[in-house]
Amino acid sequence: MPTRFCDLVNIKLPIVLAPMGGATTPELVAAVSNAGGLGLAPLWRGDAKDVKDFVRRVKALTDAPFGVNLNMDFPSMEQLDACLEEGVPVISLFWGRAPDFIAHARSGGAKVIFTAWDSESAVEAVDHGAHAICAQGWEAGGHVRGTVSTMALVPTVVDAVGETPVIAAGGIADGRGLAAAMALGASAAWIGTRFLSAKETCIHPDYVARLIDACETDTGYYDDLFDGGWPNAPHRALQNSTTKAWEAAGRPKQGQRPGEGAIVASTPGRGELDRYACTTPNTGTTGDIEALSMWCGQGVSMVQKVQPAADIVHEIAHEARKIISF
Ligand SMILES: Cc1cc2nc3c(=O)[nH]c(=O)nc-3n(C[C@H](O)[C@H](O)[C@H](O)COP(=O)(O)O)c2cc1C
């Protein structure tokens, strides 16, 4: 399935494990890369040592290409330098314009993917030297900067950036989605929510169970709800007791929201959490898991069972091949 993006980053299948903060383990990244896709590790919360430790754990598990994702709302050259010193071949940048990070990653020999939310941000990143664009549609899970749906965004960005490979993100969870993305001109699919039920993730089992039970209408897009630790960053998550109480109260502003400030859970590394914390409940989180931010996209109805990440990659590729030849 050679596409321009596959050639660019030297992978066999046009399937990218979307970076998912708090959900991604070295085992998950390596499993997707070993299966022929590209695993991406979100390492923007750590210092240089944390970044290097995680990267070394991935490298111990795979010789295949993989990448690291950094958040431009919390820009850290120290994190980028740690990646470059470890020879990370692909750097993914999201949430914000990043000309200096693109240039620095390029000069360190990495291929750079920029997550765009509209055609203007995509073209600007390409002008600054990005090698590929991830076009993230509104359906996507987690933090979502734009408000355009994947179906409309991808062909628009493809037209805008010319020869630069575009990776489609948002609502793609099976081979039909991959085939559709490629029909829109994408060179690969960037898949998050579907991999949340991979055996190798570290999210809390209650969160996994809720994803498996959920349907396409069970998510919500919130401008600034689960904002503790990362304000002003719109996001999509499962509706739960927190979102429903907030809606019932008339969507009050920060400081006036139901139950604000009361501790409902605690999690390793962050300590106590109130219900509006920006967090990903993981296997070490204790307390009221249901009340926390359970990020996921509208493609959640296609999450139906726990399975190894490699099986997810192969299943998606196989299904897509039945629809389009590649
Ligand atoms: C649990 C979760 C955490 C996420 N964390 C990040 C992140 O740290 N960095 C990033 O660039 N995108 C993050 N995202 C967004 C994904 O990279 C991707 O754009 C999205 O999952 C694609 O849509 P889908 O969930 O419908 O497949 C996250 C998404 C989820 C579901």
Side-chain angles (χ1 to χ4, degrees), residues 18-24 42-47 50 69 71-76 94-96 117 136 138-147 170 192-193 196 201-298 300 303:
M20 293 188 287
T24 309
L43 298 182
W44 50 272
R45 282 199 187 272
D47 61 16
D50 298 327
N69 166 261
N71 184 342
M72 296 298 98
D73 226 13
F74 304 91
S76 160
F94 87 121
W95 217 272
W117 52 95
Q136 190 201 37
W138 193 68
E139 301 92 321
H143 288 81
V144 184
R145 177 132 186 190
T147 51
T193 296
L196 284 173
T201 65
C202 57
I203 66 171
H204 196 282
D206 292 358
Y207 178 5
V208 178
R210 285 181 184 276
L211 295 170
I212 290 173
D213 274 355
C215 71
E216 73 281 10
T217 52
D218 286 341
T219 76
Y221 180 78
Y222 308 103
D223 284 338
D224 213 9
L225 188 63
F226 295 110
D227 57 356
W230 188 7
N232 307 313
H235 42 262
R236 184 175 294 285
L238 269 187
Q239 294 167 25
N240 63 2
S241 55
T242 299
T243 69
K244 286 175 186 159
W246 174 72
E247 304 265 7
R251 301 177 150 237
K253 289 191 173 33
Q254 193 196 31
Q256 295 159 14
R257 301 177 295 196
E260 198 155 4
I263 300 306
V264 296
S266 87
T267 202
R270 293 265 314 264
E272 294 183 329
L273 302 169
D274 96 334
R275 62 179 60 245
Y276 299 102
C278 169
T279 192
T280 307
N282 64 33
T283 47
T285 309
T286 53
D288 189 356
I289 305 299
E290 187 277 338
L292 298 174
S293 47
M294 294 180 284
W295 321 110
C296 76
Q298 291 179 327
V300 66
V303 175

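Throughout, residue positions are numbered sequentially from 1 according to the sequence presented. When reading the values below, keep in mind they use all heavy atoms of this one structure, side chains included, and skip hydrogens, waters and symmetry mates. Here the structure is a predicted model, which is why all the values come from computation and not from measurement.
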Report summary line: Shortest non-hydrogen pair, P281 vs S293, comes out as CD-O, 3.2 Å
Report task. Could I get the full list of side chain to side chain donor-acceptor pair (under 3.5 Å) partners for D73, not counting sequence neighbours? Result -> W230
Requested in this report: For the residue pair P231 and C278, establish whether any side-chain heavy-atom pair is separated by less than 4.5 Å.
Outcome: no
Requested in this report: Go through the structure and list residues passing side chain to side chain contact (heavy atoms under 4.5 Å, CB included) with T280, not counting sequence neighbours.
Outcome: A23, I203, Y207, W295
Requested in this report: To the nearest 0.5 Å, tell me how far D213 CG sits from D218 CG.
Outcome: 9.0 Å
Query raised in the report: Are side-chain heavy atoms of E247 and Y222 found at a separation under 4.5 Å?
Result: yes
Report task. To the nearest 0.5 angstrom, please state how far the CG atom of D206 sits from the OG1 atom of T283. Result -> 11.5 Å
Query - Gap between atom CZ of F94 and atom NE2 of H143 - 0.5 Å precision - result: 7.5 Å
Query - Closest heavy-atom pair and its distance - A214, L238 - result: CB-CD2, 3.8 Å
Report summary line: Residues at least two apart in sequence or cross-chain that pass side chain to side chain contact (heavy atoms under 4.5 Å, CB included) with Y221, listed by chain then number, are W138, V144, T147, D223, P234, R236
Query - Note, Y276 side chain near P258 side chain (heavy atom, < 4.5 Å) - result: yes
Report task. First locate atom CZ of R145, then atom CD of Q136, and finally report the distance between them rounded to the nearest 0.5 Å. Result -> 10.5 Å
Report summary line: By side chain to side chain donor-acceptor pair (under 3.5 Å), N282 pairs with (sequence neighbours left out) T285
Requested in this report: Indicate the atoms forming the closest heavy-atom contact of M294 with I289, along with that distance.
Outcome: SD-O, 4.3 Å
Query raised in the report: Listed by chain and number, what are the salt bridge (Lys or Arg N to Asp or Glu O under 4.0 Å) partners of E216, not counting sequence neighbours?
Result: none
Requested in this report: Identify, with sequence neighbours excluded, every residue that meets side chain to side chain contact (heavy atoms under 4.5 Å, CB included) alongside T193.
Outcome: C296, V300, V303
Query - Short side-chain to backbone donor-acceptor contact, Q254 and G228, under 3.5 Å - result: no
Report summary line: salt bridge (Lys or Arg N to Asp or Glu O under 4.0 Å) pairs touching residues 268-288, sequence neighbours excluded, are none
Report summary line: Heavy atoms of L196 and M20 approach each other most closely as CD2-SD, 3.7 Å
Query raised in the report: Mind checking what makes salt bridge (Lys or Arg N to Asp or Glu O under 4.0 Å) contact with R45, not counting sequence neighbours?
Result: none
**Report entry** Side-chain donor or acceptor of E139 paired with backbone N/O of G297 under 3.5 Å
**Finding:** no
Report task. Indicate the atoms forming the closest heavy-atom contact of C202 with G22, along with that distance. Result -> SG-O, 3.4 Å
Report task. Kindly compute the distance separating CZ (R210) from CG (N240), expressed to the nearest 0.5 Å. Result -> 8.0 Å
Report summary line: Contacts of S76 meeting side chain to side chain contact (heavy atoms under 4.5 Å, CB included) (sequence neighbours excluded), chain-then-number -> E78, Q79
Query raised in the report: By side chain to side chain donor-acceptor pair (under 3.5 Å), which residues pair with N71, not counting sequence neighbours?
Result: none
Query raised in the report: Looking at residues at least two apart in the chain, or sitting in another chain, which of them share a ring-ring contact (aromatic ring centres under 6.0 Å, His included) with W246?
Result: none
Report task. Could you please spell out the steps behind the side chain to side chain contact (heavy atoms under 4.5 Å, CB included) verdict for T243 and F226? Result -> CA-CA 9 Å; T243 69; F226 295 110; 3.9 Å; yes
**Report entry** Non-neighbouring partners of D227 that pass salt bridge (Lys or Arg N to Asp or Glu O under 4.0 Å), sequence neighbours left out
**Finding:** R257
Query raised in the report: Taking atom NE2 of H235 and atom CG of L225, what is their separation to the nearest 0.5 Å?
Result: 5.0 Å
Report task. Mind listing the closest non-hydrogen atom pair of G96 and W117 along with its distance? Result -> N-CZ3, 4.1 Å
